[in-house]
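A quick write-up on the structure given underneath.
All of these numbers come straight from a predicted model, not from anything done at the bench. Within every chain, numbering begins at 1; the chains are lettered A, B, ... in the order of the sequence lines, protein sequences first and strands thereafter.
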2 protein chains.
Amino acid sequence: MSLLPQPATTEIQLTEVLRALADPVRLDLVARLDRDGEETCFRLGVDTGLHKSTMSHHYRILREAGVVLTRQDGRRKYLSLRRADLEERFPGLLDSVLAAALDRTP
Amino acid sequence: MSLLPQPATTEIQLTEVLRALADPVRLDLVARLDRDGEETCFRLGVDTGLHKSTMSHHYRILREAGVVLTRQDGRRKYLSLRRADLEERFPGLLDSVLAAALDRTP
DNA sequence: CTTATTGTTGGATTGTTGTCAAACCTTCCA
DNA sequence: TGGAAGGTTTGACAACAATCCAACAATAAG
């Protein structure tokens, strides 16, 4: 049960977060993580129609931007939103993006 | 005194706004427009060190994303933030981004 | 030990983006 | 009427990004 490397809260860069969220696939992932909580890479990717390596690429972008936390347990990896860290670093940002994302994917 | 074409408020897309804001140059422009209000393209570009055609490219991205309004008066073009429209479409988003941008460019 | 599960990595491809330079277009002014 | 001022457009180019595929790695299960 280990954590994958990720930026410290103070190191999270605004433009990287915005860039991570500016892709429709990743925005959907983030919205799902917000709605359903922690999920495995497998479950996140299963009904996107995208190749698993493509999804792995997106997971990495989100993690390196500081948007998600990746926890490994056995052969599974669990992604979850870094809500508190993002709120501390950029207050209100994630909430407003998530609210805005709602009327995008009904 | 005319307006350049821009998306209607209801047509503004979240991912396009995020993409427009995810570039350091454009984020600085938006922060300046927020701080100083309406500005001409010339004044916005003069101390960026970038070519005027490059700046023109950024103005267009911001306008087509629905982030700025462009008003032409004589040979000058004035850019301003579409604050109210963005607030109506994505409540809180612009404010949180601008607040977050503050500790980026001191 | 062998096989299936759950992902990551590297390479290839295709498309997008940021930048500059040169040419152009409009509008103002002398 | 001819510049000059203020921007845009087009073309070129390098860097980056999204995607797929094949191969690999680690862990769990039989």
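- Using a 4.0 Å cut-off, some side-chain N or O of A:Arg19 falls inside it from OP1 or OP2 of D:dA17.
- Between the NE2 atom of B:His51 and the P atom of C:dA22 there is a distance of 8 Å, given to the nearest Å.
- Look at CG on A:Leu79: it is 13 Å from C1' on C:dT6, rounded to the nearest Å.
- Among D:dA5, D:dA22, C:dC20, the nucleotide with an atom closest to any side-chain atom of A:Ser53 is D:dA22.
- In this structure, A:Arg76 reaches the C:dT6 phosphate: one of its side-chain N or O atoms is under 4.0 Å from OP1 or OP2.
- Distance B:Arg71 CZ to C:dT27 C1': 15 Å, rounded to the nearest Å.
- Using a 4.5 Å heavy-atom threshold, the side chains of A:Leu81 and A:Leu94 count as touching.
- Position along DNA chain D of the nearest nucleotide to A:Gly74 versus A:Asp23 favours A:Asp23 as the more 5'-ward residue.
- At the phosphate of D:dA18, OP1 or OP2 sits under 4.0 Å from a side-chain N or O atom of A:His57.
- A close approach under 4.0 Å does occur between a side-chain nitrogen or oxygen of A:His58 and OP1 or OP2 of D:dT19.
- Contact check on A:Asp34 versus A:Arg83 returns a salt bridge, with a Lys/Arg side-chain nitrogen under 4.0 Å from an Asp/Glu carboxylate oxygen.
- Comment: B:Glu87 does not engage B:Arg82 in a salt bridge, judged by the lack of any side-chain N to carboxylate O separation of less than 4.0 angstrom.
- Two residues are said to be in side-chain contact when any heavy atoms from C-beta on lie closer than 4.5 Å; B:Leu69 and B:Tyr78 fail this criterion.
- The side chain of A:Ser56 sits closest to C:dT9 out of C:dA4, C:dT9, D:dC20.
- When the P atom of D:dT19 is taken as reference, atom OH of A:Tyr59 falls 12 Å away, rounded to whole Å.
- Residue A:Thr54 has no polar side-chain atom (N or O) positioned under 4.0 Å from OP1 or OP2 of D:dT19.
- To the nearest angstrom, P of D:dA18 lies 14 Å from CG of A:Asp28.
- Phosphate contact (OP1/OP2 of C:dT6, side-chain N/O of A:Arg43, threshold under 4.0 Å): absent.
- Taking side-chain N and O atoms only, B:Lys77 has a distance below 4.0 Å to OP1 or OP2 of D:dT8.
- In this structure, CG of B:Leu44 is placed 17 Å from C1' of D:dA5, rounded to the nearest angstrom.
- For D:dT9, the OP1/OP2 oxygens have a side-chain nitrogen or oxygen of B:Arg60 closer than 4.0 Å.
- A straight line from CD of B:Glu64 to P of D:dT8 spans 11 Å, rounded to a whole angstrom.
- Atom pair A:Met55:CE and D:dT19:C1' shows a separation of 12 Å (rounding to whole Å applied).
- Closest contact between the side chain of A:Leu50 and the listed nucleotides C:dG18, D:dT8, D:dT19 involves D:dT19.
- Remark on DNA chain D: of its neighbouring residues A:Ile61 and A:Arg75, the 5'-side contact belongs to A:Ile61, judged by nearest-heavy-atom nucleotide.
- Residues A:Pro5 and A:Arg63 form a side-chain contact, since some pair of their non-hydrogen atoms from C-beta on lies under 4.5 Å apart.
- The residues B:Asp47 and B:Arg32 are annotated as salt-bridged, a charged nitrogen and a carboxylate oxygen being separated by less than 4.0 angstrom.
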